[in-house]
Amino acid sequence: MSATAALTPDLLALPRKTAAAQPNLIGMTREALRAALIAAGVPERQGKMRERQVWAWLYERGVREFDAMSNLSKDLRATLDGLYRIERPEIVTRQVSKDGTRKYLLRIEGGHEVEAVYIPEEDRGTLCVSSQVGCTLTCSFCHTGTQTLVRNLTAGEIVGQILICRDDLGEWPEEGATNAGDKRLLSNIVLMGMGEPLYNFDGVRDAMKIAMDGEGISLSRRRITLSTSGVVPLIARAGEEIGTMLAISLHGTTDAVRDTLVPINKKWNVETLMQACRDYPRLSNSERITFEYVMLDGVNDSDADAKRLVKLIEGIPAKINLIPFNPWPGAPYQRSSWERIEAFAEIVNRAGYASPVRTPRGQDIMAACGQLKSETERARKARPSETV
Ligand code: SAH
Ligand code: SF4
């Protein structure tokens with residue numbers, strides 16, 4: 001049973017400025033925001049102070065109107081309102097699963113649609129964020145992979161997903177309070193929605209910098225995980241310039257199998273990928289790489305696979321995340337049986353690796369890993385040949 005819950009009216013009520021001539025402040029770096037304020041007439045010597053004030057309104061308090069920025073003069077608020085926007089993507093639908101998972105279908109400029117999923121758990125609440133509309137890659141078990149890339153999301157559209165989720169959870173602090181409380185509803189972010197985050201490097205980096213900024217959303221980099229299918233040349237750079245935790249979509253232990261599941265493997269094979277993992281900056285026992293491994297019946301789930309997996313990651317501080325395959329219409333695979341998944345996990349555990357099996361969440365609303373794909377752009381197109 002799924003429920004498309006009614007949206008709180010105020011989420012939809014705000015008028016939208018459509019003119020592209022009014023740049024969106026959401027998603028600007030601090031430097032760009034300051035420059036925008038100075039361009040609006042703020043004296044240079046006040047630039048830093050005004051930047052901090054506006055930044056705090058946008059990301060600490062989540063305001064959506066210039067008029068709420070009570071420590072700016074009325075004139076300045078009106079000028080900013082004429083020049084700029086504070087805009088999140090538009091919420092098309094919000095579905096709530098019987099297990100509490102929330103899936104948002106969001107419309108961005110150009111009429112494209114992307115999804116974001118909020119997963120509440122006992123000790124945390126994780127938002128799964130999209131980085132692209134569609135994906136250039138064509139992993140054969142992934143629903144997003146059947147949709148050609150439409151475009152990269154802007155930093156503002158990525159941050160906008162976080163803001164929308166906090167709006168929906170009612171999680172903006174009261175005046176005078178900060179975001180620093182330890183019992184947060186939205187406490188973690190995973191870049192595991194639609195798209196390959198490393199192929200939208202700048203957008204993802206700028207958005208995550210905003211999410212980690214201590215005077216705003218203020219999420220620790222340890223609570224953010226970037227998942228990549230294996231864009232090897234950008235992995236070290238991600239460590240240096242973004243600095244979040246890293247997850248690798250491994251899914252196969254031999255090149256022959258991984259070539260068919262994650263075709264980017266033909267460009268950067270398992271061995272090259274493992275070397276990039278070994279070289280990942282700051283790798284340590286307290287900052288492990290997560291290896292994601294989707295369990296596909298009869299394809300990659302044998303005891304021999306489990307043993308090869310353990311051997312492959314030898315020496316890398318690692319966790320292994322076993323993901324039961326989440327089916328989608330027309331998918332060419334079946335999920336491994338629970339006995340098989342348990343046997344596989346047992347081998348990995350005995351080798352000393354934590355290997356939580358990721359419980360599929362939000363299945364009744366097609367919100368689980370790899371099921372996201374926007375309805376409007378659902379491919380009637382033929383599956384593209386690989387375009388990496
Ligand atoms: N593009 C990035 C991040 C998005 S996918 C990447 O590939 O890493 C997040 C995770 O879900 C990846 O490990 C992906 O391989 C996995 N996934 C994709 N489709 C899936 C499906 N149908 N069932 C289970 N996991 C899936
Ligand atoms: Fe793209 Fe990741 Fe899906 Fe592969 S698994 S097609 S990289 S979104």
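In each ligand, atom 1 is the first atom listed, and ligand 1 is the first ligand listed. Just so it is clear, the values below take in all heavy atoms, side chains as well, and ignore hydrogens, waters and symmetry mates.
- Checking E196 against T228 by side-chain atom types alone, a donor-acceptor pair falls below 3.5 Å.
- Where the criterion is an N or O separation shorter than 3.5 Å, residue side chain and backbone included, F141 meets it with respect to ligand 1.
- Of all protein heavy atoms, the one lying nearest to atom 1 (Fe) of ligand 2 is C135 SG, 2.3 Å.
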What's the verdict on ring-ring contact (aromatic ring centres under 6.0 Å, His included) for F344 and Y293, showing C-alpha distance, side-chain angles and the deciding distance? CA-CA 11 Å; F344 195 101; Y293 198 93; 5.1 Å; yes
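- Ranked by closest heavy atom to atom 2 (C) of ligand 1, the top entry among S227, C128, C142 is S227.
- Per-residue contacts place H251 under 4.0 angstrom from the following atoms of ligand 1 (heavy atoms of the residue considered): 13 (O), 14 (C), 15 (O).
- By the 4.5 Å heavy-atom criterion applied to side chains, N326 and F141 are not counted as neighbours.
- Heavy atoms of L137 found under 4.0 angstrom from ligand 1: none, in either backbone or side chain.
- Near S249, meaning under 4.0 Å from one of its heavy atoms, ligand 1 places the atoms 6 (C), 7 (O), 8 (O), 12 (C), 13 (O), 14 (C), 15 (O).
- Shown here is R52, whose CZ atom has no more than 12 heavy atoms of other residues, nucleotides or ligands within 6.0 Å.
- Here E292 has side-chain heavy atoms under 4.0 Å from ligand 1, and that is the only part of it that gets that close.
- The closest approach between any non-hydrogen atom of G195 and ligand 1 is below 4.0 Å.
- Where the criterion is an N or O separation shorter than 3.5 Å, residue side chain and backbone included, P197 fails it with respect to ligand 1.
- Residue I323 touches ligand 1 through its side chain alone, judged by heavy-atom distances below 4.0 Å.
- When side chains are defined from C-beta on, V299 does not count as touching F325, because their heavy atoms never get closer than 4.5 Å.
- Here is the list of ligand 2 atoms found below 4.0 Å of a heavy atom in G145: 6 (S).
- Among the atoms of H143, none of the N or O lies under 3.5 angstrom from an N or O of ligand 1.
- Inspection of the R85 and N24 side chains reveals no N or O donor paired with an N or O acceptor under 3.5 Å.
- Linking ILVMFWY residues whenever their side-chain heavy atoms come closer than 4.5 Å, directly or via other members, leaves L137 and L149 in distinct clusters.
- Heavy atoms from other residues, nucleotides or ligands lying under 6.0 Å from CD of Q334 number 12 at most.
- A donor-acceptor contact closer than 3.5 angstrom links the side chains of S97 and D99.
- Ion pair D259/K266 not flagged as a salt bridge, since none of the NZ, NE, NH1 or NH2 atoms sits closer than 4.0 Å to an Asp/Glu carboxylate oxygen.
- Contact annotation for T144 and ligand 1: no heavy atom of the residue comes within less than 4.0 Å of the ligand.
- With ligand atoms numbered from 1 in the order given, ligand 1 contributes 4 (C) to contacts under 4.0 Å with heavy atoms of G193.
- Ranking the protein heavy atoms by distance from atom 2 (Fe) of ligand 2 puts G195 O, 4.5 Å first.
- Side-chain polar atoms of Q53 and R50 form a donor-acceptor pair below 3.5 angstrom.
- Counting only heavy atoms from C-beta outward, the side chains of T244 and L191 never approach each other to under 4.5 Å.
- Heavy-atom separations between L191 and ligand 1 include at least one value shorter than 4.0 Å.
- The distance from ligand 2 to the heavy atoms of L137 drops below 4.0 Å at these ligand atoms: 6 (S), 7 (S).
- Nearest protein neighbour of atom 3 (Fe) of ligand 2, counting heavy atoms only, is C142 SG, 2.4 Å.
- Those atoms of ligand 2 that come under 4.0 Å of a heavy atom in S229, given as number and element, are 7 (S).
- An N or O contact shorter than 3.5 Å links N326 to ligand 1 by distance.
- Contact of the V114 side chain with the Y104 side chain is not registered, since no non-hydrogen atoms from C-beta on lie closer than 4.5 Å.
- For residue C139, no N/O/S atom approaches atom 1 (Fe) of ligand 2 to within less than 2.8 Å.
- No part of M194 comes within 4.0 Å of ligand 1, judged by heavy-atom distances.
- Annotation for ligand 1: atoms under 4.0 Å from non-hydrogen atoms of T228 are 6 (C), 8 (O).
- D305 and T253 are linked by a side-chain donor-acceptor pair at a separation below 3.5 angstrom, with hydrogens and angles left out of the test.
- For W328, every heavy-atom contact with ligand 1 shorter than 4.0 Å involves the side chain, none the backbone.
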